[in-house]
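Input: a single structure, listed below in structure tokens.
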Amino acid sequence: MEGRCGEGSHTQSPSCAAVRSRKPCMDTGKHREKASSKKTEPRRATRPSSSDTRGLNGTSTEKRLRYSDCDYTPLCPLLSVAALSLCTRFYRITEPPHVCWDETHFGKMGSYYINRTFFFDVHPPLGKMLIGLAGYLTGYDGTFPFIKPGDKYEHHNYWGMRGFCAVLGSCLPPFAFLVVLELSHSTPAALITASLLIFDTGYITLSQYILLDPILMFFIMGAVLSMVKFNHQRLRPFSWSWWLWLLLTGVNLSGSLGVKFVGLFNILLVGINTAWDLWRLLGDLHLSLVDFMKHLIARMFGLIMLPLFLYTTIFAVHFVILNRSGPGDGFFSSAFQSRLIGNNLHNATMPEYLAYGSIITLKNLRIAGGYLHSHWHLYPEGVGAHQQQVTAYLHKDYNNLWLVKRPNSDVDPLSWRQCVSLIRHGDIIRLEHKETTRNLHSHLHEAPLTKKHLQVTGYGINGTGDPNDLWQVEVCGGKKGDPVKVLRSKVRLLHRSTGCVLYSSGKTLPKWGWEQVEVTCSPYLKETPNSQWNIEDHVNPKLPNISLHVLKPSFLEILLESHIVMIRGNSGLKPKDNEINSKPWHWPINYQGLRFSGVNETEYRVYLLGNPVIWWLNLFSLGLFVVMVSLCCVALQRGAKLGGTKKGKQVLMEGGGLLFLGWLLHYLPFYTMGRILYYHHYFPAMLFSSMLTGYVLAFIHLFYLFHPLSYGMNGPLAHDPTSSMAGLRWLDSWEF
Amino acid sequence: MQGVKLPVTVKCEINVLLIAVTVLGLLTRLYGIHIPASVVFDEVYYGQFVSLYMKRVFFIDESGPPLGHMILALGGYLGDFDGNFVWNRIGAEYTSNVPVWTLRLIPALCGSLCVPLGYLLVVELGYSHFTALGASLLLLMENSLIVQSRFMLLDSVLIFFLLLAVVSYLRFHKAPKSSLWKWLWLFLSGTSCAFAVGVKYMGLFTYLLLLGLAAVHTWHVIGDKTLCNVKHLNTIVVVRFLVLVVMPALLYLGFFYVHLILLYRSGPHDQMMSSAFQASLEGGLSRITQGQPLEVAFGSQVTLRSASSKPLPCWLHSHKANYPIRYENGRGSSHQQQVTCYPFKDVNNWWIIKDPSRQSLVVSSPPRPVRHGDIIQLLHGMTSRFLNTHDVAAPMSPHSQEVTGYIDFNVSMPAQNLWRVDITNRESDRDVWKTILSEVQLIHVNTSAVLKLSGASLPDWGFRQLEVVGDKIYKGYQQSGVWNVEEHRYGKSHEQKERELELKSPTHDDISRNLTFMAKFIELQWKMLTVRNEESEHKYSSLPLEWITMDTNIAYWLHPSNNAQIHLIGNSVTWTLANLALFIYVLLFLTYLLRRRRKIEDIPEACWEQLVLAGVVCSGGWVVNYLPFFLMEKTLFLYHYLPALTFQILQIPVVVEHLYTHVLRSPSQHKAFGGVILAALCSVYFCYRIFSPLTYGQPELTSEELAALRWRDSWDILFRKR
């Protein structure tokens, strides 16, 4: 029970003792309280100004300010908050016993980790890794296929994964409690906040299933809590607790970014807070520049280097665990795929040099570029010539196969009379699509999306075409006569008659192109990865297969590649036509929820919707906060004397301002996003909004209770039990 | 006559420099603007609107508010343009009735006046006249600004209003307290803000920047303790708010008012608007609807138009063709008559409203109006099928119900053809269904499904018409589920044959309906913001990142027979200098900021404030006019960068003067720096001269000379094959 007291109070041990004794919920405390207050009363009566810095669970604003020197946590409310939130989150957690909503993705991905199969997802891996880990530890064997929402779990152990998410979800109310307590030093404010979060149906629903959101919000709240705690260590820099909270902030930041890219908003919040802090330190002329640099470097280490290191570690673990070929291979480069056990490039054997008559696949060298692809569909009317589409496709498919032919002879190059001849730098070839027997063709028509380029089509029947089918092979960095190496050469294909180069623009074609990627012929001959291709699969029965060692990519290359693939994937999640899309302005007003499970009356239904009272209250207090702060600002700017509450106003503005900023940063960016949005994207912002509500309500409550002090009062004095102010005399030293 | 002193004298101060740069500006912008006498680049786009203004025909242009088009049309008005020209192809020769010179005059004048405004802006920022002269010279010799000013395009007009707004605001800010001029400058600033926003939405960015600046200045005024009179303070704040916020908003409304007054005839874009709006235009729908009965009654013959115009505006339709027994994917249908939504006027769009309890198909006398909540049947006029829906999956949207035309042939499927009328914009619960005005949901009585346009189109068997479904999980208000009666007449004929004849004849009778201006404005503005054409990449479109380094150009015009051509290419030297100046400014600003925080004052306070203000206007102007484009998903062109560029160019002389006076100390450094400035100006001039053939479209260059002008590989310069 040795509570530490701040520097400012070393000399006042009796009052400090009084604080300790005033922990609520300590039955014995009451007696001691009386005793100690009696004992110290004479001293207090003479020093009213210093004595009102101690008291019960945070009260007047004056008191709260100075009180901040003392670490003090009301344990009992905290424990009850934690217990309540655990109960609400764990109640009927195993129901419904079937896959709900996005469990089909994240549960499946958890299984992939257990099976060590490589997959691709638009979010960073930490959340799914933790889900996988939780499943693994609770005895889930990774065999449930998670095919679609509504599938029954039957004998599979799914409660472990749900329970894990629920545990993290139940940490939110206690964390919010602590944050608000730290900012306002008012237990009522903290309790209001915690109960808003405990009893919000939306948070309960979101915490009960295998989803990334509870994990994400856990780290977000963790980061905010550590940041706030760190702010309060301001007076003792470089102490062990200062370091602890700094490093914890960094750890939580990397965690939130490791779960979803929404963590970036959180990093922005911490970044702004830190920049503000550093700005303050820079203006403090008592601090030498050397000391300032120490502060700067410590923060750079704790908030940039450490999170970066942890974040890359997460990816390192991700790549080490997932070492088997799986559904996500095609998104990645040939070199990347050769790492995966079971992939056809893993310990590949194939003919080393390209020859006429080979059947090949061509992969674009742009990061996350696709395979050169064609299919039995024509470009629609009005989009260039009405010929067969040629696209780039990210998945492995038999339509990616092309046959390499000589420019003039239609003799089957694989017949035994022909001898094998290798293709060399500068040779002219034709590429015939294996499945449709059309030749790769280009001509002077605009490409469908990139209008500056020329259209590429499939043309001709059974391999006969016209001179526009001729392409010149160019090995990058090669000279005339160099053979073309499979997998290792970067190849460019120059169109003979127009002089353009085969190019993958990376733009997604509309519906008629099956949302595959556009392939064009670019008249700009600059060497970019978009115009370079490598030969990935290579079959030529007349050449011996040789075991090839593909250059293994370095870790940083893999990291960069997977990020670009993720970002592309994220921006590729466009809303479909005619689908009613959730708009950001729907969220704060609780306009529409999200169906988690079940549609008909016979099914078990779960619906994600926030508690309307809480949400509308939050909306109201956001407005109220803005009004209060602006009034307050104008008054201060006019130099109005706001009496002793001036500092209280600053507490309101700084603590509340931080929460308000957090809300803005987690909400506004969604307005600029082009990707498809869902209702649950609002929940991180909602955390900040709820904390602000607790803050604002407690502030108003206090003001209401104590307003007679400023506006004047009459009647009996407060020590008289009949007085209207009787309950408010929280300290014996108050003389009203 | 005591007060007047004789002789009466007028003191006149003329800034010769200012006059000189104005004249130079006029010369460079107005020189030979009637050449080429053919359509240049986006003139093909703006020209059609000018023509429509001349003919007073209503149109919607989603690219911007109407003021810009009106200003261009003013040119046409001054030149007595009759609007008769087919704007279909860049490069088409103008016919003799098109007053090319006057059409291009206003943008060119605005473009020329930007030069002296640049001068004034730098002076108002507190820099010397020498510096201001430099700024105006840089603007003067900027090829891209010249090209953009010389044709019937809007960017030079926009830049003119932006500069005017900033200059007049700065004048206001610096003017002595409560002089009349001060308020006039503020008024001018507010007006030009409104004009800038009215020309292009892009003007909003600079307007917001200016509002921010004004807010900070007002905040200082509020903090000014010497102003103890609270009433006075309140007036200051309120007047600023009125002039900078309320007045521009009103002016913006005013532009639309004039726009709607001018365009009173129906035209090509009518169908995008609601029936009520169309009825307010002369000709077109109003000719048909004029004199229709207002109240829809049992026995009325109506066409029902969907309130949603996505994907197309259309009318509820049926025809003698059934749903196929099996769809391509093997799913079955009811094989009843198709009900679709058809985007053209057709006799098959007519439906008759029938009271389920009576047999009669004519309007009784007096007519019994249909009210909110009434149950009706809808009979298709030509085929006598009832509008029906049932629990069969719709062809394209299987989660919704199929809607059919039903006739009782004693088949196994029962009729489910009762619909409840739900007027969504009703004023009372017994409101009468009104032609054009009422928005109605038709709710199916048996299944509570709502008649709705799904947005999908049917395949060949449905003649590619739009699918209509019954939506069971319909929630809230969706435009696709709302219909209104557009054409309407009281049915008189009892026999089917007569009725068919009646349906084919036009409607008449007489009532007038008017929309208020606000209703029209809101509808028009909303349509302009939401209706987006399918935007695809243009041959000369570019990405914002390519603009800073000018990696892209736009070919505006090519002579039909020789190599003379006009390109939007800027002055490379100026662009480089502007980037450099911005970089140096940021560096200087950060250095001073950090050092001031440590109480090291390198420059006096006043100088620092001047530097900050210049940065807010110039760099801030660049930032707000440039960065938002990264978030936009529309097709972007190099000319979108010009407003940002203008502000960035003004940053050059500001930085130069600061370096000259505060950073370089020794006279030798000053001399050297002067030399550098002179050299830079000379190279700007040479660059301007070198590219002027591409700017003015004359003289013609040979292919070799053109090739030499291709300074970057990514520029598209056109070569004509001989």
Side-chain angles (χ1 to χ4, degrees), chain A residues 278-289 292 296 382-384 446-454 505 507 509-511 518 520 522-528 571 574 576-580 586 591-593 595 599-600 630 633-640 668-669 671-675, chain B residues 218-228 230 233-234 237 308 310-311 396-397 399-400 452-457 466-467 469 471-476 478 480 534-542 551-552 555 593-600 628 630-633 635 712-716:
Chain A
L278 284 173
W279 184 245
R280 195 183 51 76
L281 288 175
L282 185 66
D284 182 0
L285 292 183
H286 301 296
L287 209 65
S288 72
L289 267 184
F292 176 75
L296 181 69
V383 182
E446 278 182 354
L449 300 179
T450 316
K451 303 278 175 171
K452 296 179 185 181
H453 294 183
L454 305 179
S505 67
K507 293 171 192 160
L509 293 171
K511 245 178 209 160
E518 182 197 39
T520 63
S522 161
Y524 307 99
L525 299 180
K526 215 157 114 188
E527 273 194 18
T528 61
S571 54
K574 287 273 156 73
K576 301 232 165 56
D577 295 342
N578 304 317
E579 204 173 69
I580 294 167
H586 290 173
Y591 177 79
Q592 201 173 31
R595 194 172 285 129
V599 186
N600 303 329
S630 15
C633 282
V634 172
L636 287 178
Q637 179 76 4
R638 281 304 293 166
L668 289 192
Y671 280 96
T672 63
M673 284 188 196
R675 63 161 280 174
Chain B
T218 313
W219 189 244
H220 289 316
V221 173
I222 292 176
D224 185 354
K225 307 264 164 55
T226 55
L227 283 171
C228 355
V230 176
L233 187 71
N234 283 346
V237 175
S308 154
K310 283 174 202 158
M396 297 287 116
S397 329
H399 47 275
S400 302
K452 177 181 144 176
L453 182 67
S454 74
S457 37
L466 300 170
E467 184 198 36
V469 299
D471 189 359
K472 279 185 291 188
I473 46 174
Y474 185 90
K475 263 181 304 197
Q478 297 169 21
S480 53
E534 196 61 44
E535 303 230 28
S536 63
E537 196 167 322
H538 186 275
K539 182 159 196 283
Y540 290 106
S541 63
S542 48
D551 273 343
T552 169
L593 188 74
L594 291 179
R595 285 170 69 84
R596 282 170 59 85
R597 187 72 185 163
R598 298 298 293 181
K599 299 278 183 295
I600 307 167
F630 283 95
L631 298 175
M632 286 187 196
E633 288 185 352
T635 318
R712 285 176 205 279
D713 293 339
S714 49
W715 286 356
D716 285 301

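Each chain gets a letter, A, B and so on, in the order its sequence line appears, and its residues count up from 1.
In this structure, B:Asn234 places its CG atom where more than 12 heavy-atom neighbours from other residues, nucleotides or ligands lie under 6.0 Å away.
Ranked by heavy-atom pairs shorter than 4.5 Å toward chain B, the options A:Pro510, A:Cys633, A:Gly283 are led by A:Gly283.
Residue contact with chain A, scored on non-hydrogen atoms closer than 4.5 Å, involves the backbone of B:Val221 exclusively. The contact between A:Leu281 and chain B is made entirely by backbone atoms, counting heavy-atom distances below 4.5 Å. Of the two parts of B:Leu594, the backbone and the side chain both hold a non-hydrogen atom closer than 4.5 Å to a non-hydrogen atom of chain A. Of the two parts of B:Ile222, the backbone and the side chain both hold a non-hydrogen atom closer than 4.5 Å to a non-hydrogen atom of chain A.
Note that the CG atom of A:Leu287 and the CZ atom of B:Arg598 stand 6.5 Å from one another [nearest 0.5 Å]. The CG atom of A:Leu285 sits 5.0 Å away from atom NZ of B:Lys599, with the distance rounded to the nearest 0.5 Å.
Contact annotation: the side chain of A:Trp279 approaches that of B:Leu593 to within less than 4.5 Å [non-hydrogen atoms, C-beta and beyond].
Closest non-hydrogen pair, B:Arg597 versus A:Arg280, comes out as NH2-CA, 3.5 Å.
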